[in-house]
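See structure below.
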Amino acid sequence: MLGGAPVQHREVQGNESANFRAYFKTLRYKDGGVGSGFKKVTDVFKNRLYQVKGRRRVRVTEVPCLIDSVNSGDVFILDTKQIVYLFYGSESNKIERQKGIEVANQIRDVEHQGTSQVFVLDQNDKTVLRAEGRKFFTVLGANPEYINHIKSATEGGQDSLVAQSTFMNLIRVSDASGRMLMELAGRAPLNQDMLVDQDSYILDHGGNKIFVWHGKGSTREERKSSMIYASEYMIEKGYPADTMVTSCYQYAEPVEFRQCFLGIWKERVFANHETGPEKRRAAPTVTVNSLHKRRERSEAKRMFDDGTGEKQVWRIEKMKPVAVPAGKIGQFYSGDCYIVFYSYRENAGHGKEVQIVYYWIGAHSTPDERGAAAAFAVELDDKHGGKPIQMRIVQGKEPPHFMLIFKGTLIIRQGGNKSAFTHVKKREHVENGENGENGVNGSATEEPMEEDLAAEQEESSSNLFHVKGSTEDCCKGIEVVPKASMLNSNDVFVLSYDITTYVWYGKGCSSMEMKVGDYIATTIVNKSAPMLGIHEGAEPAQFWTLLGGKEEYADSVTLATAEPIYPARLFHVSNAKGYIAIEEIVDFAQEDLIEEDVIILDCSDEVFVWIGAGANEDERSHGLELATEYITSDPTGRDPDAVTIYQIRQGHEPPNFRAHFAGWDFRFRTSKIKISAEDGVTLASDALAQLERDNYPYSELIDGKCPVGVDPCSKENYLGDEEFMMLFGMDRAKFLDLPKWKKLSLKKEKKLF
């Protein structure tokens with residue numbers, strides 16, 4: 001049907017590839033299935049144990065309900081119906097813990113209709129074996145004291161396990177002799193010249209993965225037979241049934257296939273398809289070359305229609321869907337969840353009806369609301385005979401078609417409903433006379449607002465909306481903190497007050513943003529107040545007064561240009577797989593700033609290296625090096641000397657950085673680490689020099705001081721030789737020969753411990 005261009009992947013439960021997992025926020029497996037003429041499914045409850053594992057993409061898998069399934073590196077959920085136990089392994093990461101809370105609450109609120117209790121157990125907590133904690137181990141068939149013998153994180157496996165092979169076989173499948181033959185074409189090391197474009201080949205990647213490659217001149221019989229032979233080959237070799245099999249065509253080989261061959265792959269004109277980001281081992285001079293080709297957003301290919309179909313919208317209120325009035329459709333609250341049922345007819349309204357169920361998850365909605373939204377989406381699907389397409393959408397990651405059906409009128413406001421299980425703190429200001437349980441501009445989350453600016457959003461009597469996007473399929477308005485520092489020259493902002501509504505047009509804003517800004521001012525925020533449009537640079541005094549005074553905001557030359565030569569791009573840097581990998585994130589949002597990793601944001605004349613609070617030194621140093629190499633190797637002719645590279649710490653994002661994210665939320669993943677403003681934003685060159693520094697004066701290491709890059713347990717190693725001798729009265733060799741207790745005693749005495 002598609003001319004043989006697509007790459008085909010065979011996926012098996014529990015062994016899905018990273019590309020497959022990327023399409024789902026969370027994968028959760030359950031035993032059982034639907035009843036059939038040959039299988040009867042009973043509804044008797046049994047205890048279930050789930051493993052929560054991963055970093056950027058977390059997978060939730062049902063595992064045997066035994067203590068041997070538990071390890072210290074992951075999070076586990078034990079569902080006993082009455083109590084849902086949430087066990088934090090001592091070395092589990094923050095993302096796993098957050099996902100564990102979400103899933104445990106979903107089990108409680110959706111599967112058990114709120115009748116269960118969630119009990120949290122932390123392996124690092126000495127009181128874990130009290131009361132209910134002991135029952136966790138009893139249910140798993142172990143003595144509570146077994147907590148000291150749980151499998152280690154290493155035994156539990158890496159969060160992103162990369163299979164390594166020790167051999168590779170290349171097998172040729174050809175009918176050139178008049179009959180179909182399968183013969184060995186070569187063993188590792190392999191080179192590209194071994195592939196003849198008139199045949200098909202089977203590549204055995206050490207038993208970890210099987211590739212089936214089809215040359216452009218291969219016959220239909222060869223292509224068909226090679227897939228059959230691949231299955232027979234697996235059985236002959238005794239490989240597991242879940243071994244991955246990937247089929248690809250010449251000129252459309254995925255990166256994983258090409259890397260099996262020595263030398264530089266001979267590039268040719270490739271078919272128009274996406275092969276995904278290239279992730280290679282840490283080698284900045286090699287990796288960055290693949291980044292200069294901009295990735296196109298794949299969502300653009302999923303545009304179902306022109307957005308003129310019929311839509312119905314519901315909001316979750318007290319665990320139940322409530323229809324949104326026609327005049328309120330398009331207004332979403334970040335503390336709520338919504339379900340949108342959309343239908344249209346193909347062939348310009350004359351074909352079959354297509355139905356889509358979108359369920360939208362607000363950034364500050366509660367787990368019970370999210371679960372109720374998912375349950376109602378399933379209910380709608382069942383009501384229409386299973387025909388609708390279901391799509392889960394997270395705030396900030398709305399796909400183009402979802403945006404298109406609102407025609408640029410999608411508005412995301414702060415606050416939300418009171419949850420069935422969570423109390424909502426009311427704000428003094430209530431929108432349009434609504435109160436209590438419908439449209440309160442309060443917070444539907446128990447998270448504390450730790451930033452002063454976020455607190456001001458609760459107290460302010462004015463509302464500020466950030467309008468961003470150049471077309472109907474990407475433009476929206478988001479309520480933000482009413483501060484002048486939130487403005488930027490590239491967008492439109494709507495400032496609403498009791499008697500006036502200002503629409504502020506930045507110098508680089510688009511016509512679509514101006515249209516949506518005017519719509520918000522005249523239709524949404526305050527219909528009775530007059531609208532006053534003002535251009536950047538011509539603001540009246542009252543405008544700044546309503547924003548708490550005039551402040552510096554993002555007004556760079558790039559932002560003041562409606563169509564910049566180099567649109568902003570964002571890259572994710574992580575060593576979660578055991579080596580440094582970098583990939584571009586298309587249609588990025590604040591949610592993509594992963595706390596445990598490093599992000600590179602290319603803003604044309606400025607490049608920011610964002611350091612998450614949980615990022616390690618390897619990720620940080622490589623992020624700085626990759627950003628520098630990325631700019632110096634840019635083939636577009638951009639002058640590297642005209643680009644400033646900054647390192648910024650989580651929680652210290654400057655206006656020029658925040659300006660590239662629609663509706664910056666100060667409550668999102670607030671860092672608990674206190675860093676001075678001076679250290680929050682530094683030049684990348686200075687940061688690299690700091691990392692490369694290996695000597696520090698004694699005064700910078702004592703009394704709890706620990707410069708970035710210094711091992712706090714080995715501060716003595718960073719002293720100069722002369723200062724080391726003066727301080728300890730001996731050279732390093734003699735110090736190393738001392739007993740461990742003696743070295744610790746000396747370090748404590750000198751305030752280096």
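If you're wondering where the values come from, they're calculated on a predicted model, not measured in any experiment.
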Practice item. Give the intermediate values and the outcome of ring-ring contact (aromatic ring centres under 6.0 Å, His included) for residues Phe341 and His384. Key: CA-CA 11 Å; Phe341 181 79; His384 292 85; 4.5 Å; yes
Exercise for review: Write down the atom of Ile520, the atom of Gly477, and the distance for their closest heavy-atom approach.
Suggested key: CD1-CA, 4.1 Å
Exercise for review: Kindly indicate, with the supporting measurements, whether the criterion side chain to side chain contact (heavy atoms under 4.5 Å, CB included) is fulfilled by Ile412 and Phe465.
Suggested key: CA-CA 9 Å; Ile412 300 175; Phe465 293 86; over 6 Å; no
Review point. Counting only N and O atoms by type, is there a donor-acceptor contact under 3.5 Å from the side chain of Tyr85 to the main-chain atoms of Thr80?
Key: no
Review point. Around Gln117, counting heavy atoms of other residues, nucleotides and ligands shown, do more than 12 lie under 6.0 Å from its CD?
Key: no
**Study point:** Sole residue of Tyr359, Trp360, Trp314 in ring-ring contact (aromatic ring centres under 6.0 Å, His included) with Phe332
**Key:** Trp360
Point to revise | Euclidean distance, Asp491 CG relative to Cys509 SG, rounded to 0.5 Å | key: 8.0 Å
Practice item. List the atom of Pro388, the atom of Leu380, and the distance in Å for their closest heavy-atom pair. Key: CG-O, 4.4 Å
Review point. Centroid-to-centroid, Phe608 to His660, below 6.0 Å?
Key: no
Check your understanding: Is there a donor-acceptor contact under 3.5 Å from the side chain of Asp473 to the main chain of Pro400?
Key -> no
Exercise for review: Might you work through the side chain to side chain donor-acceptor pair (under 3.5 Å) test for Ser489 and Glu536, ending with a clear yes or no?
Suggested key: CA-CA 7 Å; Ser489 298; Glu536 182 178 2; 2.7 Å; yes
Check your understanding: Got a sec, which residues hit side chain to side chain donor-acceptor pair (under 3.5 Å) with Lys397, two or more places apart in sequence or on another chain?
Key -> Asp592
Revision key, fill the gap. d(His652 NE2, Phe657 CZ) to nearest 0.5 Å is 13.0 Å
Practice item. Check whether any side-chain N or O of Lys311 sits under 3.5 Å from a backbone N or O of Ile405 as a donor-acceptor pair, and report yes or no. Key: yes
Check your understanding: Is there a donor-acceptor pair under 3.5 Å between the side chain of Arg108 and the backbone N or O of Ile83?
Key -> no
Practice item. With Asp336 as reference, evaluate Gln395, Arg413, Glu317, Glu369 under the side-chain contact (heavy atoms from CB on, under 4.5 Å) test and give the passing residue. Key: Glu369
Point to revise | Donor-acceptor contact present, side-chain Glu653 to main-chain Gly651, <3.5 Å | key: yes
Check your understanding: How far apart are the closest heavy atoms of Ile77 and Gly100, and which atoms are they?
Key -> CD1-O, 3.7 Å
Check your understanding: Arg345 side chain to Lys352 main-chain N or O, any donor-acceptor pair under 3.5 Å?
Key -> no
**Study point:** Greater than 12 external heavy atoms within 6.0 Å of Lys407's NZ
**Key:** yes
Practice item. Could you tell me whether His401 and Tyr342 have their ring centroids closer than 6.0 angstrom? Key: yes
Exercise for review: Please assess Arg370 against Ile361 for the test side chain to side chain contact (heavy atoms under 4.5 Å, CB included), listing each intermediate value before the final yes or no.
Suggested key: CA-CA 6 Å; Arg370 299 171 191 175; Ile361 308 299; 3.5 Å; yes
Point to revise | Flag if over 12 foreign heavy atoms under 6.0 Å of OH, Tyr497 | key: no
Review point. Hey, do the aromatic rings of Phe543 and Phe493 have their centres closer than 6.0 Å?
Key: no
Review point. Does the side chain to side chain contact (heavy atoms under 4.5 Å, CB included) test come out yes or no for Gln312 and Val340, once each step is laid out?
Key: CA-CA 6 Å; Gln312 294 174 271; Val340 179; over 6 Å; no
**Study point:** From OG (Ser574) to CD1 (Ile594), nearest 0.5 Å
**Key:** 9.0 Å
Check your understanding: Any donor and acceptor pair, going by atom type alone, linking the side chain of Gln650 with main-chain N or O of Ala613 inside 3.5 Å?
Key -> yes
Check your understanding: Where the side chain of Glu96 meets the backbone of Asn93, is there a donor-acceptor pair that is under 3.5 Å apart?
Key -> yes
Review point. Does a side chain donor of either Asn463 or Glu479 reach within less than 3.5 Å of an acceptor in the other side chain?
Key: yes
Review point. Do the ring centers of Tyr553 and Trp504 come within less than 6.0 Å of each other?
Key: yes
Check your understanding: Would you find a donor on one side and an acceptor on the other, under 3.5 Å apart, between the side chain of Glu398 and the backbone of Ile393?
Key -> no
Check your understanding: Could you state the interatomic distance from CG (Leu410) to SG (Cys474), rounded to the nearest 0.5 Å?
Key -> 11.5 Å
Check your understanding: Judged by atom type as modelled, is there a donor-acceptor pair below 3.5 Å linking the side chain of Thr523 to the main-chain atoms of Tyr519?
Key -> yes
Review point. Shortest non-hydrogen contact from Ala662 to Ile478?
Key: O-CD1, 3.5 Å
**Study point:** Contact summary for Val467 and Cys475, nearest pair of heavy atoms
**Key:** CG1-SG, 3.9 Å
Review point. Looking only at heavy atoms, what is the nearest atom pair of Met391 and Pro399, with distance?
Key: CE-CG, 4.4 Å
Check your understanding: Take atom CD in Glu346; do more than 12 heavy atoms of anything else shown fall under 6.0 Å from it?
Key -> yes
